[in-house]
Amino acid sequence: MEIPQKRKAEPNNWWEEDLAGPSSKYWTTLEHKGVTFPPPYQPHGVPVLYKNEPVVLSPQEEEVATWWASVVDTEWETKEIFRKNFEKNFLDLLGKNHTIKDLDNCDFSQIKAHLETQREARKNRPQEEKKAERELKQKNDEEMGYAIVDGVREKVSNLMVEPPGLFRGRGQHPKAGYLKTRLKSEDITINIGKDNVVPKCSIPGHAWKNVVHNDMVTWLAYYKDPELSFSNVKYVYLAASSKFKGLSDKLKYEKSRKLKSYIDGIRTDYLNKIKSESKIEKELGTALYLIDKLALRVGNEKSEEEADTVGCCSLRVEHISFGSNNQVTLDFLGKDSMRYYNTVEVDPEVYENLQLFVEGKNSSEDLFESINTSSLNDYLKSFMEGLSAKVFRTYNASFTLEQQLQKYNFEDKTVEEKIQNYTDANREVAILCNHQKSTPKNFEVQIEKMQDKLKSKLEYLNFLEKHLLHLQEKGEKVDPPEGQKPPASQEAARRAITRTQTTVKNMEIKLKMKDENKTVALGTSKINYMDPRITVAWCKRNEVPIEKVFPKTLRAKFIWAMYAEPEWSF
DNA sequence: TGAGGTACTTAGGATTCCAATG
DNA sequence: CATTGGAATCCTAAGTACCTCA
C-alpha cells in the first residue's frame, strides 16, 4: 500500500475538516438494518448419562447440556465457581423432580463426541460448499452489516447479537458459569434517524422492544440479558474504521498531546502535594504519582458481583510491600485479573507517605482512604479541560514509543532489523502498560523446532563456506548436508552464502523476538495507546512499508493518521 | 456524597484465515 | 495438495468516565 505523502482533500475525509470537538449531536440521518440473531438451536438427541443411564432432555435442556459438553476437558470444567454456578443453573432449569440431581454424576462424553464429529464434518465438507457458505455470509454482511450516517456508508462492528451460552467471567468472577439467555427481538432497542426507515425485524411476527431517535449517541442498538441481573448493557456500534470511532480516537490522541504542555506543571504540583500536611492532598499527590510513573489505571469501585480486581484508587494494604532503599512492591490483580507485579524505587517522600497510609490498617483496608476516582479526576480537571486519569496512560505510552524509537539508528538497516527495533520499542510500551498474554500452548516445542531449523541452516552455511574454498582450490572437497546440492560455480556459492546469511540472521531475529514476546501482548498498545501518527511518520522516514507494522484493519482504523508527515512528532 | 445508570474504550483469549512448507 | 503455525480478526468481558438523582 502506498502511503499518501500529502494531504489530499476528499469530500468524505472527515479528518481533513477542523476538529469540532465533542459536538452537541453526532448525526442528522442514521439508517441501518438493525441486528441479526444466531440461528435457532438444532436438537441432536444425543443423551447425557446420569449414573451411566441415558437421560432424555428437552431441546432447551439439551442445549444447555451441550454448552457444558463443549467445556469438558478445558480449564473451565474444573474452575470451581464456574462449575458450581453452572450446576445450580442447570439443576434449576431441569427442576426438582428431574432424574439428574447433580453434575458430578453426569457424563457428557457422548455429546462431546458428537460435537467433535460435527466439527470434523464441518471441516471436511466439500470446497464448493465452503465457498458457497462464505459467499452467502459475505452477501448477508454486505446487505445487513452497514449503516448510512449522514449519507456515508459505514461498517457495523457487531451486527449479530451475542449467542446464548455460558457466561465466561474472567478470574474469580463470582457469576462465571451462569446461563446467558437467547435474546429475542423484544430485548432489542433500536436507534435510528427520525425520518429513516425503521429496520424490519428478521424474525417474522416479532417486533423490537423499542425504537428511539437519539442523535446524542453513536449506538445503533442495545440490549441487556433479561435474565442475568449482573450483566451489562451491550451496545451495537459502528466499526473502528467509521467516522464516529476515528474522530474520537483522533481527539483522544490530541488530548494526550495537549497534556504534554501541562505535564511539567502537573508533576511539580503533585510532588508538592505529596509533601503537603493535608491527608487528602498527600493521597491525591501520591496516587497521581503512581498513575503517572507506573501507568496504573485509576481503579473505580467494583461491586460484590464482580471479580475482585483493583487499580490505583482501590489498592489495598495487602497489595503493597516495602523494601530497602525506597523500594516498594506492588502485587495485585488488575483489569481482566491480570497480575501486576512490580518492584520500583520511588521518591523518598512517596515511600514515606505510602508507609504512613498503611500504618495501623489491616490488610484488607484501602490504601487511599480519603480520595476516590471522582475526586482524583476533579483534581486533574483543575489543570486541563477534559483531563482524566486514563489520558496519562495514553500520553506515557505514546511518549515512550517515540522516545524508544529515537534510541536507534536506522541507517543501513534492513527492513527486518528496523521492524525488530520498532517491536522492541512497542514492547517497552506494552510492559509499561502491563499488557500480558499467556504463554502459547506448545511454546517450548515451537522454540525447539525453530532452533533445530536454525542449526541446520548454520551447518549449511558452514558447508557453503568450505565449498567455496574448495572451488577456489584452497581447500578440501566437503560433502553437502543431506538433501542439499553444492553450488556449481564460485559465483553461485557466493550468492548462496549471502542468501543463507540473510536467512540465518532473520531466523535469529525471529527466534529472539518470539522468546522476548512470549508473555507480552504487543497489540493492545498498538490498537489503543500509541498515537498511530508516530508509527506512520517513522515508516515514512525510514522507508518501512506501513503494512509491515499495521495490518489491514489497523490501517482502516487509523486512516486519519496515514497523512502524517515524515517529520510529525507527538 | 454516594449509588446507580449510561455510553463509551480497552482487553485477552478464541477462532478463522492464509501463506509457507513438506 | 494437505498440514501447520502465526497473523489477523472476532468476540465479549471488563474497564473508565461522567451524569443524574435523592
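Note that these values count all heavy atoms, side chains included, but never hydrogens, waters or copies made by symmetry. All chains are named by letter (A, B, ...) in the order of the sequence lines, taking the proteins before the strands, and each is independently numbered beginning at 1.
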K.L.:
Looking at A:K175, does any N or O in its side chain come under 4.0 Å of the phosphate oxygens OP1/OP2 on C:dA13?
P.N.:
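Answer no for this pair, as no side-chain N or O of A:K175 is under 4.0 Å from OP1 or OP2.
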
K.L.:
Is the distance from OP1 or OP2 of B:dA7 to the nearest side-chain N or O of A:T218 less than 4.0 Å?
P.N.:
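Answer no for this pair, as no side-chain N or O of A:T218 is under 4.0 Å from OP1 or OP2.
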
K.L.:
Tell me whether the side-chain N/O atoms of A:T553 come closer than 4.0 Å to OP1 or OP2 in C:dT9.
P.N.:
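Answer is yes, contact under 4.0 Å.
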
K.L.:
Once you apply a heavy-atom cut-off of 4.0 Å, does A:S374 come out as touching a base, just sugar-phosphate, or nothing?
P.N.:
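Nothing, no nucleic acid heavy atom in range.
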
K.L.:
Please confirm whether any donor atom in the side chain of A:K552 sits under 3.5 Å from an acceptor in the base of C:dT9, or the reverse.
P.N.:
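Per atom types, no contact qualifies.
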
K.L.:
At 4.0 Å (heavy atoms only), tell me whether A:Y237 reaches a base, stays on the sugar-phosphate, or touches nothing.
P.N.:
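Contact class for A:Y237: base.
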
K.L.:
Of all the choices, B:dT10, B:dT9, C:dA13, which nucleotide is nearest to the side chain of A:F167 once you look at every atom?
P.N.:
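Nucleotide nearest to A:F167's side chain: C:dA13.
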
K.L.:
Taking only the side-chain nitrogens and oxygens of A:S157, find out if one of them lies under 4.0 Å from OP1 or OP2 of C:dC10.
P.N.:
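Negative; the distance criterion is not met.
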
K.L.:
For A:G311, answer base if it contacts any base atom (sugar-phosphate contacts may also be present), sugar-phosphate if it contacts only those atoms, and nothing otherwise; contact means non-hydrogen atoms under 4.0 Å.
P.N.:
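The residue A:G311 makes no contact with any strand.
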
K.L.:
Contact class for A:R297 vs. all strands (heavy atom < 4.0 Å): base, sugar-phosphate, or nothing?
P.N.:
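If one applies the 4.0 Å heavy-atom cut-off, A:R297 turns out to touch the sugar-phosphate alone, with no base involved.
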
K.L.:
Any side-chain N or O of A:H173 under 4.0 Å from OP1/OP2 of C:dA14?
P.N.:
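Yes, because at least one side-chain N or O of A:H173 sits under 4.0 Å from OP1 or OP2 of C:dA14.
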
K.L.:
Can you tell me if the side-chain N/O atoms of A:H435 get under 4.0 Å from OP1 or OP2 in B:dA11?
P.N.:
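Affirmative; the distance criterion is met.
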
K.L.:
Base, sugar-phosphate or nothing for A:K180? Non-hydrogen atoms, less than 4.0 Å.
P.N.:
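The residue A:K180 makes sugar-phosphate contact but no base contact.
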
K.L.:
A:G334 near the nucleic acid: base, sugar-phosphate alone, or nothing, with a heavy-atom cut-off under 4.0 Å?
P.N.:
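Sugar-phosphate, backbone atoms only, no base.
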
K.L.:
Looking at C:dT12, I'd like to know if its phosphate oxygens (OP1 or OP2) sit under 4.0 Å from a side-chain N or O belonging to A:Y235.
P.N.:
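For C:dT12, neither OP1 nor OP2 has a side-chain N or O of A:Y235 closer than 4.0 Å.
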
K.L.:
Identify all pairs in which a protein N or O lies below 3.5 Å from an N or O of nucleotides 17-22 of chain C, and state each distance.
P.N.:
{"from": "C:dA17", "atom 1": "OP1", "to": "A:S388", "atom 2": "OG", "distance (Å)": "2.7"}
{"from": "C:dA17", "atom 1": "OP1", "to": "A:A389", "atom 2": "N", "distance (Å)": "3.1"}
{"from": "C:dA17", "atom 1": "OP1", "to": "A:K390", "atom 2": "N", "distance (Å)": "2.6"}
{"from": "C:dA17", "atom 1": "OP2", "to": "A:N377", "atom 2": "ND2", "distance (Å)": "3.1"}
{"from": "C:dC18", "atom 1": "OP1", "to": "A:K381", "atom 2": "NZ", "distance (Å)": "3.2"}
{"from": "C:dC18", "atom 1": "OP2", "to": "A:K381", "atom 2": "NZ", "distance (Å)": "3.4"}

K.L.:
What is the nucleic acid contact for A:K335, judged by heavy atoms within less than 4.0 Å: base, sugar-phosphate only, or nothing?
P.N.:
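It contacts base atoms.
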
K.L.:
Applying a 4.0 Å non-hydrogen cut-off, can you work out what A:R393 is touching in the nucleic acid: base, sugar-phosphate, or nothing?
P.N.:
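Here A:R393 touches the backbone only, sparing every base.
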
K.L.:
Among residues at least two apart in sequence or on other chains, which ones pass ring pair (Phe, Tyr, Trp, His ring centres under 6.0 Å) with A:F383?
P.N.:
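Per chain and number, A:F383 pairs via ring pair (Phe, Tyr, Trp, His ring centres under 6.0 Å) with A:Y379.
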
